[in-house]
Amino acid sequence: MIRIGNGYDLHRLVEGRKLILGGIEIDHCLGLLGHSDADVLTHSIMDALLGALSLGDIGHYFPPSDPQWAGADSMKLLTQVYQLVLDQGWQVVNMDNVIVAERPKLKPYLPAMVDSLARGMAIAPNQISIKATTNEKLGPVGRQEAICAYSVVLLESR
Ligand code: MG
């Protein structure tokens with residue numbers, strides 16, 4: 001038995017916030033705005049995991065209205081979401097992710113993000129693909145007003 005899920009997330013880029021993607025702090029003059037650490041990649045992965053099992057979305061499990069998630073480390077939330085997947089009798093086969101950001105160049109950070117996500121889910125780095133692209137200066141992402149991420153996750157029964 002296999003199941004597939006997809007996820008998408010976008011957060012606004014602002015001054016005075018850290019830029020965290022896949023649990024890795026990226027050196028940049030802007031960061032993502034959000035109730036948690038606004039780690040847009042980790043959020044899209046969580047939504048893909050939940051979507052694969054028709055378990056709703058992260059807003060259901062970690063509502064932004066709940067103060068206990070203020071400034072939350074999204075990697076800890078990912079570990080919880082993946083534990084839910086494991087508890088339901090499923091495990092990741094592989095996942096493929098795209099981060100869309102005009103700046104900064106993310107390529108040097110991708111191996112660290114893969115390792116960080118692999119650690120957070122206790123899976124192998126070669127089960128995780130992360131690609132980075134720009135939006136060719138078009139739209140809010142292209143104007144550096146936001147960063148977004150897309151994820152596809154394949155699960156198999158354990
Ligand atoms: Mg989000």
Side-chain angles (χ1 to χ4, degrees), residues 1-14 17-26 28 30-101 106 109-133 135 140-141 145-158:
M1 287 265 283
I2 56 171
R3 304 274 301 211
I4 193 166
N6 85 98
Y8 166 80
D9 197 21
L10 176 148
H11 282 261
R12 194 181 287 266
L13 273 170
V14 295
R17 291 269 302 183
K18 286 180 181 173
L19 177 56
I20 296 172
L21 294 169
I24 298 299
E25 189 174 334
I26 312 284
H28 193 43
L30 304 172
L32 293 172
L33 182 63
H35 189 63
S36 66
D37 62 7
D39 183 338
V40 72
L41 171 61
T42 303
H43 292 186
S44 84
I45 291 170
M46 285 192 273
D47 266 358
L49 289 167
L50 292 169
L53 297 180
S54 305
L55 289 173
D57 61 32
I58 55 170
H60 173 75
Y61 295 90
F62 312 108
S65 54
D66 188 336
Q68 75 167 301
W69 309 121
D73 175 354
S74 295
M75 290 302 299
K76 293 203 172 109
L77 308 186
L78 174 65
T79 299
Q80 283 185 50
V81 166
Y82 192 50
Q83 189 58 52
L84 186 65
V85 169
L86 295 170
D87 291 345
Q88 299 262 329
W90 297 85
Q91 63 189 12
V92 163
V93 177
N94 73 305
M95 67 171 79
D96 189 20
N97 305 280
V98 181
I99 308 169
V100 192
L106 295 176
Y109 296 96
L110 297 181
M113 289 183 212
V114 166
D115 286 346
S116 158
L117 291 166
R119 270 197 311 278
M121 301 173 71
I123 63 176
N126 70 7
Q127 291 173 280
I128 301 173
S129 156
I130 308 173
K131 296 169 290 191
T133 189
N135 221 28
V141 171
E145 295 166 6
I147 288 177
C148 71
Y150 301 85
S151 301
V152 174
V153 170
L154 186 68
L155 303 181
E156 63 183 354
S157 51
R158 303 174 73 200

Closest non-hydrogen atom pair between [X] and [Y], with its separation:
X: Leu77; Y: Ala72; result: CD1-CB, 4.2 Å
X: Pro64; Y: Gly59; result: CD-O, 4.5 Å
X: Ile130; Y: Leu110; result: O-CD1, 3.5 Å
X: Ile123; Y: Gln127; result: CB-OE1, 3.1 Å
X: Gly7; Y: Ala48; result: N-CB, 3.6 Å
X: Met113; Y: Ile26; result: CE-CD1, 3.8 Å

query = When the ring planes of His11 and His43 are compared, do they come out parallel, tilted or perpendicular, using 30° and 60° as the limits?
reply = perpendicular
State, yes or no, whether a side-chain contact exists between [X] and [Y] at a heavy-atom distance under 4.5 Å.
X: Leu53; Y: Gln88; answer: yes
X: Leu49; Y: Leu155; answer: yes
X: Ile128; Y: Asn97; answer: yes
X: Leu154; Y: Val92; answer: no

inquiry  = Is it the case that the side chains of Ser157 and Arg3 hold a donor-acceptor pair, with the cut-off being a distance below 3.5 Å and no angle test?
reply    = no
task = Could you tell me whether the side chains of Ser151 and Ser44 share a donor-acceptor contact shorter than 3.5 Å?
result = yes
ask   = Pairs in or reaching into residues 117-131: which pass salt bridge (Lys or Arg N to Asp or Glu O under 4.0 Å), with residues at least two apart or in two chains?
value = Asp96-Lys131
ask   = Should the heavy atoms of other residues, nucleotides or ligands under 6.0 Å from CZ of Arg17 be counted, would the total exceed 12?
value = yes
task = To the nearest 0.5 Å, tell me how far Ser74 OG sits from Asp39 CG.
result = 5.0 Å
message = Applying side-chain contact (heavy atoms from CB on, under 4.5 Å) to Ile4 and Val152, what does each step give before you reach the verdict?
response = CA-CA 7 Å; Ile4 193 166; Val152 174; 3.8 Å; yes
